[in-house]
Structures are given as structure tokens and as C-alpha cells.
Amino acid sequence: MFKYFARPMARIAALSGAAASLVVAQNGPAETAAAEEIPQVTRKESVFRRSASISIENQHAAYHSRFAGKHPNLMVMPVTPQMIALHTIIRDRTTTRDDFVFYSNRIIRLLLEEALSTLPFESATVTTPTNSPFHGYEFTSKVVGVSIVRAGEAMEQGLRDVAKGVRIGKILIQRDEETALPALFYKKLPGDIAERQVLLLDPMLATGGSAMMAIQVLLDQGVLEENITFVNLVSCPEGVANLFKKYPHIRMITSFVDPTLDENWYIVPGCGDFGDRYFGTEDDQHGERVRIFD
Ligand code: PRP
Ligand code: URA
């Protein structure tokens, strides 16, 4: 399936760690030389390289299945060829900002649809135009989205698109670039949040520090742990373990669990700094403002 969505030879140079290993496994020795030149931060995670005959989606699914037993409240999205193709684009360091935004939004939409499907429904019967009953469900949950600013804001529009009129709260948490320790700067949440199902939005889970801080803010506001669903694009075992150790009753939906973190607490292979790539601030060393009026 890979060949329909991506250009393997063009993309291999941009991949690192386990993702490069994965492409090697799929494409065989002819491409191994290119991959060998890439720093193999996560070579120890050789699960991806074990067999060239297993499809890429099965290799990822097998890796993800390791976590299913460990964390019963963790749901990893089905690893379809489409999902892998979307991830292949957002993980490619040569992807333009436009494409990064577009394809991240596609994954976000899939994740949010899945997240809503896991919330409680009640049975309901309607009458169709043929005057016949249709026995179904109605969505009765009161939902609120809470984004962990800044990167979590990238998920707000996706939520608005699938949950009409949804309220959205914000918690501004920033990770210290040196220590990766999170700091809380601001929060604004609906007054009745304790009665709602909360979809906590952040595309990246690295050490788990930011998500844990946000969850504590929600609990202090009276939200029940079991009413929190953390919706996330890319995670890693360290963050997932930290999260469930402290808050075992929350639920988490992610589209990918990557193998590990690097020495700067970035997810590898990951997709780099999500917020910078999504909002276009990769080069912004000085916080310059864009002038819209002269
Ligand atoms: C990123 C990301 C998470 C956090 C994950 O935000 O969006 O909030 O890091 O890392 P952790 O699990 O180790 O806490 P960052 O603080 O870089 O700010 P940004 O949203 O402005 O990019
Ligand atoms: N934040 C990001 O945006 N990416 C990472 O890999 C880790 C934290």
C-alpha cells in the first residue's frame, strides 16, 4: 500500500530511527544503504525490522498491541494504510507547512470521530417518513473540549466540525526547553465542566508532564477522572506509562505510540515540534510579530 501514498526513496532520507528501520524492513536490502546513514536513535526497537514479509500496518499494529494489555484505558486507532500514509506525510521533515496542517487535520478528525464514538449513548426510537419506527441511539453526553495551548489549539476546529456548538476551554502550559518540565500559565474553563465529558486535546505526549498538569487542573475543577478522555496524535511508552500511573481512570485515544524519547525529550521518530510546524514558528527565534497594518 505504501507505494500508493508516498515516494519511498524520496522519503527515506527524511525518516529517522524506527521509521527508517521500518522502511528498510518493507523494501529490502536495496534501500538499506540509505537508511544506514541515518542516525539510528531507536535501533534497539528492532520489532519493526524482524520480518520483511509482514506488512507495515501489521508491524505497527503488533507494536501497539504491546500496550493494550498494560493500559486497558488506552485506545490506539486502527493502523490502516490510510492512517500510516497520513503519518508518513506529517513525519516527513520536508513536508510543507500547508501539507502538515492539512494532513494533521485529517488525523485529528479521525481521532475526534473515534473519541466521540466512545462516549455514552442512550437508546432512542424515531419515526421515519414511512411512519415506521427506527430503533437507535441518541448522543446525550454533555461534552467540552479543553485544549492544552498552544499545540492543542490545532485540534479545536476539528472538534467544532464534529460536535456542533461545543464549548472549548483552554489551559496554557509550556514545556521548559531545557528541562522539559511543564509550567502552567493560564486556564479558562466552562463553569459547569464538572458535569461534562471532557475531551482533553494535545497532539503530542512526550514525558507526559504537560498532560498530567492539565489533568490535575481539571480534577481540581471537580471533573471526574473517568470523565476525561485525552485525545492525542503521537505518544510514546514513557508518557503513556507516566499518565496512567498517576491517573489510571482517565481514557486516552492516540493514533500512534512511537518507540521512545530522545535526549531532548522529543518523541522519536516523532514529527518534531508539532506546534512550531503547525503554526509556522520554526524559524521564530525572537518572537517577531507579523505586521498586518503599516
Ligand atoms: C508540547 C506539546 C505538549 C508537550 C508534550 O508543547 O504540545 O503540550 O510539549 O511534552 P511533555 O509530554 O513532555 O510535557 P510545548 O510546551 O512544546 O508548547 P507548544 O504547544 O507551544 O509547542
Ligand atoms: N513536543 C513536541 O511538539 N514534540 C515532541 O516530540 C515532544 C514535545
Side-chain angles (χ1 to χ4, degrees), residues 14-19 39 41-42 45 71 74 87 90-93 95 97 100-101 103-105 107-108 111 145-159 168-187 198-218 228 230-247 250 252-288:
L15 294 170
S16 66
V41 182
T42 55
E45 290 291 336
H71 307 294
L74 171 69
H87 270 273
I90 68 160
R91 280 132 181 296
D92 185 340
R93 67 181 173 198
T95 292
R97 181 173 164 226
F100 187 82
V101 169
Y103 292 103
S104 300
N105 286 346
I107 302 173
I108 288 165
L111 271 165
V146 175
S147 63
I148 302 180
V149 179
R150 172 190 56 158
E153 288 180 305
M155 303 173 76
E156 291 178 4
Q157 187 56 47
L159 181 59
I168 295 188
K170 290 178 189 269
I171 302 176
L172 171 53
I173 292 173
Q174 291 283 286
R175 239 176 44 143
D176 184 289
E177 301 250 320
E178 303 288 315
T179 63
L181 292 174
L184 171 66
F185 291 97
Y186 170 85
K187 65 181 161 70
V198 179
L199 298 181
L200 181 63
L201 313 174
D202 194 331
M204 304 304 280
L205 179 81
T207 65
S210 306
M212 289 195 287
M213 186 170 269
I215 290 167
Q216 195 53 54
V217 168
L218 295 174
I228 299 172
F230 179 49
V231 188
N232 165 267
L233 261 74
V234 183
S235 59
C236 63
E238 294 90 330
V240 169
N242 288 337
L243 207 61
F244 283 115
K245 187 167 179 209
K246 187 143 188 217
Y247 304 110
I250 64 150
M252 173 174 170
I253 299 186
T254 186
S255 60
F256 245 88
V257 186
D258 277 14
T260 192
L261 291 172
D262 69 10
E263 62 281 6
N264 297 314
W265 294 285
Y266 270 77
I267 302 166
V268 280
C271 62
D273 190 306
F274 187 96
D276 278 349
R277 293 188 73 191
Y278 194 96
F279 294 109
T281 50
E282 281 160 301
D283 310 316
D284 184 11
Q285 303 295 326
H286 311 292
E288 284 171 19

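We number each residue from 1, following the sequence as shown. Atoms within a ligand are numbered from 1 in the order they appear, just like the ligands themselves.
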Only pairs under 3.5 Å count here: list side-chain donor-acceptor contacts from residues 205-213, not counting sequence neighbours, and write none if there are none.
residue : atom : partner : partner atom : Å
Thr207  : OG1  : Gly209  : N            : 3.1

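Using a 4.0 Å cut-off between charged side-chain N and carboxylate O, Arg150 and Asp276 make a salt bridge. Using a 4.0 Å cut-off between charged side-chain N and carboxylate O, Arg91 and Asp258 make a salt bridge.
Residues passing the ring-ring contact (aromatic ring centres under 6.0 Å, His included) test with Phe100, sequence neighbours excluded: Phe274.
Expressed to the nearest 0.5 Å, how far CG of Leu74 lies from CZ of Phe244 amounts to 5.0 Å.
Taking a heavy-atom cut-off of under 4.0 Å, ligand 1 is surrounded by Arg150, Ala151, Gln174, Arg175, Asp202, Met204, Leu205, Ala206, Thr207, Gly208, Gly209, Ser210, Asp273, Gly275. Protein residues are said to neighbour a ligand when one of their heavy atoms lies under 4.0 Å from it; for ligand 2 these are Arg175, Met204, Ala206, Trp265, Tyr266, Ile267, Gly272, Asp273, Phe274.
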Apply the test side-chain hydrogen bond (donor to acceptor under 3.5 Å, both in side chains) to residues Tyr103 and Asp92: give CA-CA distance (whole Å), side-chain angles for both, the deciding distance (0.1 Å), then the verdict.
CA-CA 12 Å; Tyr103 292 103; Asp92 185 340; over 6 Å; no
What's the verdict on salt bridge (charged side-chain N to carboxylate O under 4.0 Å, His left out) for Arg97 and Glu282, showing C-alpha distance, side-chain angles and the deciding distance?
CA-CA 10 Å; Arg97 181 173 164 226; Glu282 281 160 301; over 6 Å; no
Could you walk me through whether Thr95 and Arg277 pass side-chain hydrogen bond (donor to acceptor under 3.5 Å, both in side chains), step by step?
CA-CA 9 Å; Thr95 292; Arg277 293 188 73 191; 4.5 Å; no
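Between the side chain of Asn232 and the backbone N or O of Val234 there is at least one donor-acceptor pair closer than 3.5 Å.
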